[in-house]
Amino acid sequence: MKPLNPIPFEEVERHTRRVSNDSLVSYEGSRYSVPYVYIGHTVEMQDLQNGHIRIYQSNTIIAEHLKTVRSKQVVTHKKHFEGIQTQSRAKAPQPMPRLVSNPSPEVVERDLSVYEQFADEEVIVQ
């Protein structure tokens, strides 16, 4: 008798995640990078149970990382961010023109005696 399948099956437990704007996906409290072209896409995470994490998009492996031991860690590959234009290359925004020619109103200066007359008046509220 021959075995039906000589290649052992992988345990397939994938978790769906959405790639955030910083090109990272979250899994078990840590974040892992994917190529920036997948920002906004839905991907699947697979814990290989051997210390590695694989990330798939349409059954194609797009990233593989060592799984973090502690949570709140960020694991990245520099290659995932190559090709992103930095803000230093972008044209600097121009300031908006002022809509009011004089931004602060003119203030009238008065002698304090003008206000003293109000201090002596009695206000009756009915």
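Seen from the ring of Tyr27, Arg17 does not count as a face-on cation partner, given the 6.0 Å and 45° thresholds.
Two residues are said to be in side-chain contact when any heavy atoms from C-beta on lie closer than 4.5 Å; Ile39 and Val37 fail this criterion. Contact of the Glu44 side chain with the His15 side chain is not registered, since no non-hydrogen atoms from C-beta on lie closer than 4.5 Å. Between Ile55 and Val25 there is a side-chain heavy-atom pair separated by less than 4.5 Å. Side-chain contact between Leu66 and Val75: absent, with no pair of heavy atoms (C-beta onward) separated by less than 4.5 Å. Under the 4.5 Å side-chain criterion, counting only non-hydrogen atoms from C-beta, Asn59 is in contact with Arg14. Contact check for Tyr56 versus Gln46: side-chain heavy atoms found under the 4.5 Å cut-off. Within the 4.5 Å cutoff, the side chain of Glu64 has heavy atoms near those of the Leu48 side chain.
In this structure, OG1 on Thr42 lies 4.5 Å from CZ on Arg18, to the nearest 0.5 angstrom. Interatomic distance, OH of Tyr36 versus CG of Asn21, reported as 14.5 Å (0.5 Å rounding).
Judged by distance alone, the side chain of Ser23 and the main-chain N or O of Val34 form a donor-acceptor pair under 3.5 Å. Using a distance-only test at 3.5 Å, with no hydrogens or angles considered, a donor-acceptor pair links the side chain of Tyr32 to the main chain of Thr68.
The two residues Ser30 and Ser71 come nearest to each other via the heavy atoms OG-CA, 3.6 Å. When all heavy atoms of Met45 and Ile53 are compared, the pair lying nearest together is CE-CG2, 3.5 Å.
No side-chain donor from either of Ser33 and Thr76 sits under 3.5 Å from a side-chain acceptor of the other.
Salt bridge Asp22/Arg31: present, at least one basic N to carboxylate O contact under 4.0 Å. Salt bridge annotation for Lys67-Glu28: present, with a cationic side-chain nitrogen under 4.0 angstrom from a carboxylate oxygen.
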Quick one, Val19 with Leu24, criterion side-chain contact (heavy atoms from CB on, under 4.5 Å). Give me CA distance, side-chain angles, the key distance, then yes/no. CA-CA 6 Å; Val19 181; Leu24 299 173; over 6 Å; no
ring-ring contact (aromatic ring centres under 6.0 Å, His included) between His65 and His77, worked out: CA-CA 8 Å; His65 295 280; His77 284 312; 4.5 Å; yes
